[in-house]
Every structure is written in C-alpha cells, then in structure tokens.
**Student:** 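Dropping the structure in here first, questions after.
Just so it is clear, the structure is predicted and the values come from calculations on it, not from any experiment.
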Amino acid sequence: QVQLVESGGGLVQAGGSLRLSCTASGRTFSNYAMGWYRQAPGKEREFVARITWSGSNTGYADSVKGRFTISRDNAKNTVYLQMNSLKPEDTGVYYCAADVRYSNIRYISEAQYDYWGQGTQVTVSS
C-alpha cells in the first residue's frame, strides 16, 4: 500500500506561481511513476502531468505545456508540480497518483494508476 499526501495548494492571482508537493509513504517510491491530475468544479478529472520512475521521461497536457513542470526527488519520496503563469482555468483540486506496472511509460490512462492522494485545492483569481 502507498499513501500519497498532497500539499502546496492555495489562492493565487492570475499570472502567479505555486508549487505542489506530493509525498509518498509505504512502499519504495522510486519504483513508481507519478502523475498529477486536476478536477475543476462540475468537470471530469483530467490529466496534467506525469513523470516516470527515474525522472527521465515526462509528459504534459497541452493546456499546461510550457507553464508547468513536474519533477521528483526519490530521496525525499516526493514529486513536485511547479505551476507558473497560472490562469483562472487552472483552478481545481489537484491530485497526485502513483503506478508501478507502467512506471517507464510516459502516458497511461487514469484507470491504470494504483494509488491516489486526497487532493489539494488550487484557486486562481482573475
């Protein structure tokens, strides 16, 4: 079992930045690929970014390319999402997720993740 805890959310003005963190416990973190998803009010949860177990491959949704950066520190069991140039449409609950079966693949479906965190709220005001 893996427990994931997100932090770093908050309220920020458009154009601002936030860095989200997701800390894992319970299993060997470096075996897992990690992803970030978000869910806006009244909308389906959507993919944001993903990083493979080694950190050598990353993938992003088109809507965040060039603005968001995913990274990981396996020594700290933590994955990060640096969010710059935030827009009101980035508002939502951000979730991190982990998977071990496809840990070297850049993109997988939401259903293929094994573990999910509880989420952290990000609100971007205009």
**Student:** With disulfide bond (SG atoms under 2.5 Å apart) as the rule and sequence neighbours excluded, what pairs involving residues 37-84 come up?
**Tutor:**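 Sorted result for residues 37-84: empty, none.
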**Student:** Applying salt bridge (Lys or Arg N to Asp or Glu O under 4.0 Å), which residue pairs with at least one partner in residues 109-126 are found, sequence neighbours left out?
**Tutor:**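 Pairs touching residues 109-126 that pass the test: Arg45-Glu110, Arg101-Asp114.
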**Student:** Can you list the residues that meet the side chain to side chain donor-acceptor pair (under 3.5 Å) rule with Ser109, with sequence neighbours excluded?
**Tutor:**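 For Ser109, the residues satisfying side chain to side chain donor-acceptor pair (under 3.5 Å) (neighbours in sequence not counted) are Gln112.
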**Student:** Apply the hydrophobic cluster definition, ILVMFWY joined by side-chain contacts under 4.5 Å directly or through others, and give me every member besides Val5.
**Tutor:**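 The other cluster members (ILVMFWY side chains, heavy atoms under 4.5 Å, direct or chained): none.
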**Student:** Look at the side chain of Glu6 and the backbone N and O of Gln118, then say whether any donor-acceptor pair between them is shorter than 3.5 Å.
**Tutor:**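 Checking the backbone N and O of Gln118 against the side chain of Glu6, a donor-acceptor pair under 3.5 Å is found.
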**Student:** For Tyr102, check side chain to side chain donor-acceptor pair (under 3.5 Å) against everything at least two apart and list the hits.
**Tutor:**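 With sequence neighbours excluded, Tyr102 shows a side chain to side chain donor-acceptor pair (under 3.5 Å) to no residue whatsoever.
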**Student:** Could I get the full list of side chain to side chain donor-acceptor pair (under 3.5 Å) partners for Ser7, not counting sequence neighbours?
**Tutor:**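 If we apply the side chain to side chain donor-acceptor pair (under 3.5 Å) test to Ser7, skipping adjacent residues, there are no hits.
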**Student:** With a 3.5 Å distance limit and no angle check, can you tell me whether Arg50 reaches the backbone of Asn57 through a side-chain donor-acceptor pair?
**Tutor:**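 No, the answer is negative, given that no donor and acceptor are paired below the 3.5 Å cut-off.
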**Student:** Less than 3.5 Å apart, which donor and acceptor atoms pair up between the side chains of residues 65-72 and the rest of the protein, not counting sequence neighbours?
**Tutor:**
{"residue": "Lys65", "atom": "NZ", "partner": "Asp62", "partner atom": "OD1", "Å": "3.2"}
{"residue": "Arg67", "atom": "NH1", "partner": "Ser85", "partner atom": "O", "Å": "2.9"}
{"residue": "Arg67", "atom": "NH1", "partner": "Asp90", "partner atom": "OD2", "Å": "2.8"}
{"residue": "Arg67", "atom": "NH2", "partner": "Ser63", "partner atom": "O", "Å": "2.9"}
{"residue": "Arg67", "atom": "NH2", "partner": "Asp90", "partner atom": "OD1", "Å": "3.0"}
{"residue": "Arg67", "atom": "NH2", "partner": "Asp90", "partner atom": "OD2", "Å": "3.4"}
{"residue": "Arg72", "atom": "NE", "partner": "Trp53", "partner atom": "O", "Å": "3.4"}
{"residue": "Arg72", "atom": "NE", "partner": "Asn74", "partner atom": "OD1", "Å": "2.7"}
{"residue": "Arg72", "atom": "NH1", "partner": "Tyr32", "partner atom": "O", "Å": "2.8"}
{"residue": "Arg72", "atom": "NH1", "partner": "Thr52", "partner atom": "O", "Å": "2.9"}
{"residue": "Arg72", "atom": "NH2", "partner": "Phe29", "partner atom": "O", "Å": "3.1"}
{"residue": "Arg72", "atom": "NH2", "partner": "Tyr32", "partner atom": "O", "Å": "2.8"}
{"residue": "Arg72", "atom": "NH2", "partner": "Asn74", "partner atom": "OD1", "Å": "3.2"}

**Student:** Give every residue pair that meets the ring-ring contact (aromatic ring centres under 6.0 Å, His included) criterion with at least one member in residues 75-96, sequence neighbours excluded.
**Tutor:**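 Qualifying pairs: none.
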**Student:** Kindly say whether Arg19 contributes a backbone atom to a donor-acceptor pair with the side chain of Gln82 at under 3.5 angstrom?
**Tutor:**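 Absent.
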**Student:** Once ring pair (Phe, Tyr, Trp, His ring centres under 6.0 Å) is applied, do any residues pair with Tyr115, and if so which ones, sequence neighbours excluded?
**Tutor:**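 Here no residue qualifies.
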**Student:** Go through the side-chain N and O atoms of Thr91 and Thr123 and say whether any donor and acceptor fall under 3.5 Å apart.
**Tutor:**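 Looking only at side-chain atoms, Thr123 and Thr91 do not form any donor-acceptor pair under 3.5 Å.
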**Student:** For Asn84 and Ser17, does a side-chain donor sit closer than 3.5 Å to a side-chain acceptor?
**Tutor:**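 Checked: Asn84/Ser17 side chains pair up, N/O donor to acceptor below 3.5 Å.
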**Student:** Which residues satisfy the side chain to side chain contact (heavy atoms under 4.5 Å, CB included) test with Ala14, sequence neighbours excluded?
**Tutor:**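 Once residues adjacent in sequence are excluded, the partners of Ala14 under the side chain to side chain contact (heavy atoms under 4.5 Å, CB included) criterion are Pro88, Val124.
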**Student:** Considering residues at least two apart in sequence or located in another chain, which fulfil the side chain to side chain contact (heavy atoms under 4.5 Å, CB included) criterion with Glu46?
**Tutor:**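 Once residues adjacent in sequence are excluded, the partners of Glu46 under the side chain to side chain contact (heavy atoms under 4.5 Å, CB included) criterion are Arg38.
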**Student:** What's the shortest heavy-atom distance between Leu4 and Ala98, and which atoms?
**Tutor:**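 What the structure gives for the nearest pair is CD1-N, 3.8 Å.
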**Student:** Are the side chain of Tyr113 and the backbone N or O of Val100 linked by a donor-acceptor pair below 3.5 Å?
**Tutor:**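 Pair absent, no side-chain N/O of Tyr113 close to backbone of Val100.
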**Student:** Test: disulfide bond (SG atoms under 2.5 Å apart). Region: residues 34-77. Which pairs qualify, not counting sequence neighbours?
**Tutor:**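 Residue pairs passing disulfide bond (SG atoms under 2.5 Å apart), neighbours aside: none found.
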**Student:** Which residue is it: Asp73, Asn77, Thr78? I am looking for the one with a side chain to side chain donor-acceptor pair (under 3.5 Å) to Thr23.
**Tutor:**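 For Thr23, the side chain to side chain donor-acceptor pair (under 3.5 Å) test succeeds with only one of Asp73, Asn77, Thr78, which is Thr78.
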